[in-house]
Amino acid sequence: MGYANGQASYVNGESTSNRKQQPLFSFGLITDVQYADIPDGRSFLGVPRYYRHSILVLQRAVKEWNNHQRHNFVINFGDIVDGYCPKDQSLKTVKKIVHEFENFKGPVYHLIGNHCLYNLPRSQLLPLLRIQSDKGHGYYDFSPMPEYRFVVLDGYDISAIGWPKDHPRTLEALKFLQAKNPNEDKNSPMGLVGLERRFLMFNGGVGEEQMKWLDRVLEDSTRLKQKVVVCCHLPLHPGASSKEALLWNYDEVMNLIHRYNCVKLCIAGHDHKGGYSIDSHGVHHKVLEAALECPPGTDAFGYADVYDDRISLHGTDRMKSVDMYFNPKADL
């Protein structure tokens, strides 16, 4: 049966117009669980944090994702436990939250954040998060279907946390902070102006080796005509984030990304209030709202439906929903 009088055709009793609206795939997402078995507290800005409740948010998220029955995978955007977690409980607590994620009936991809690294060194953390790396790097990529590729960046590649104290990447980070932040407390943005306020110790940068890797991946994705979603714990665009939460060298990373047309969306955590913007090249930037800052009885998690021309984020409760349509000119 074909189209007649503007009516949709039907195949096996299903409207072809409805079939076109079926996503190619979908995936669950959550960020900044930052669980710790300690009383509630506040951020340095005074925002309430619910350390024990956050595991309940995660449990409800996993239940919802499993009930959905068609999510291909889940991405955790980092900060699996909180920095205030007592250090003698760090290993047990990380394992506990990883176990909660593993109740999802499918693959789970983890990103590392600063709070992860406050708790465990990379040598212990990465195997627990099932991140394959022989050099302690937390960046990788995967392709859930031929048309799409997900690129996971390690925003703490150059960092004063997570690497051994005498590691070249630690020393590079400390030298960088010394030059960029005159405060004795390198987590203080006092006196820093505008975008300089990102030069804080709880942030980090993407190193030269990772930049070369990213360039190769984006070149390969362009050749394969893939659409790319870039994932990083640290936000990559000031339009979607507080200045204090940005990747140190977000500008370099975005300059590289903008050399290609394949990247459609960058997703991040870290800036707990969340945010959204579209940059000058039509790339969408979504910063996810944190599970940690959900008062009891509220939630912040979601899932994304992925189509050929857009990605639709369906947020639960405090996580905002958004339809992100791709710039058609970028594919020319």
Side-chain angles (χ1 to χ4, degrees), residues 8 14-32 57-58 60-78 104-109 111 141-152 221 225-233 235-237 239-241 257 261-269 271 273-279 281-291 294 298-331:
E14 183 182 2
S15 165
T16 54
S17 61
N18 285 342
R19 283 173 50 167
K20 284 180 184 174
Q21 293 307 306
Q22 291 297 313
L24 300 172
F25 62 94
S26 68
F27 64 96
L29 32 72
I30 194 169
T31 194
D32 296 86
V57 178
L58 174 58
R60 289 193 289 264
V62 171
K63 185 178 179 183
E64 283 291 317
W65 295 329
N66 283 334
N67 286 345
H68 203 278
Q69 291 190 335
R70 63 181 180 84
H71 296 322
N72 298 63
F73 55 91
V74 160
I75 305 181
N76 160 38
F77 282 82
F104 172 68
K105 296 169 183 171
V108 178
Y109 297 96
L111 280 66
D141 67 297
F142 64 96
S143 186
M145 64 181 305
E147 294 90 339
Y148 269 88
R149 186 182 293 201
F150 284 70
V151 173
V152 173
S221 294
K225 295 183 167 52
Q226 292 174 321
K227 294 178 173 69
V228 175
V229 177
V230 172
C231 306
C232 185
H233 180 66
L236 300 176
H237 193 260
S241 168
I257 285 173
N261 292 324
C262 55
V263 176
K264 305 302 176 187
L265 168 63
C266 298
I267 313 178
D271 192 16
K273 70 183 187 307
Y276 171 67
S277 68
I278 305 173
D279 69 27
H281 287 67
V283 177
H284 296 265
H285 295 263
K286 177 59 186 163
V287 178
L288 304 174
E289 292 78 8
C294 292
T298 66
D299 287 312
F301 60 85
Y303 69 91
D305 283 332
V306 180
Y307 301 86
D308 188 56
D309 65 338
R310 70 192 185 280
I311 293 177
S312 294
L313 171 60
H314 304 275
T316 298
D317 203 358
R318 293 167 64 89
M319 184 173 286
K320 294 183 176 69
S321 301
V322 60
D323 289 315
M324 296 170 281
Y325 283 85
F326 306 149
N327 179 3
K329 292 178 183 175
D331 292 324

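Treat the numbers as computed from the prediction; the structure is a model and nothing was measured.
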Reference residue H237; test side-chain contact (heavy atoms from CB on, under 4.5 Å); the match among K286, H285, H284: H285

Quick one: are Y307 and Q22 in side-chain contact, heavy atoms under 4.5 Å? no

Between D317 and D299, what is the shortest heavy-atom contact and its length? OD2-N, 2.9 Å

Among K264, K227, K225, which residue satisfies the salt bridge (Lys or Arg N to Asp or Glu O under 4.0 Å) criterion with D308? K227

Please report whether the ring centroid of Y109 lies less than 6.0 Å from that of F150. no

Which of parallel (below 30°), tilted (30 to 60°) and perpendicular (above 60°) describes F73 and F27? parallel

Does some side-chain heavy atom of W65 sit less than 4.5 Å from a side-chain heavy atom of I30? yes

C231 side chain near L111 side chain, heavy-atom distance below 4.5 Å: yes

Will you find, in the side chains of D323 and S312, an N or O donor that is under 3.5 Å from an N or O acceptor? yes

Using side-chain heavy atoms (C-beta onward) and a distance below 4.5 Å, is I267 in contact with V230? no

Verify whether one side chain among S321 and H314 offers a donor that lies under 3.5 Å from an acceptor in the other. no

L29 versus F77: any side-chain heavy-atom pair under 4.5 Å? yes

Taking the side chain as C-beta and beyond, is there a heavy-atom pair between Q226 and P146 under 4.5 Å? no

Just wondering, do F142 and R149 contact through their side chains at under 4.5 Å, heavy atoms? no

Write down the atom of S26, the atom of H71, and the distance for their closest heavy-atom approach. OG-ND1, 2.8 Å

Test applied, side-chain contact (heavy atoms from CB on, under 4.5 Å); reference residue, Y276; option that passes from L288, V287, V322: V322

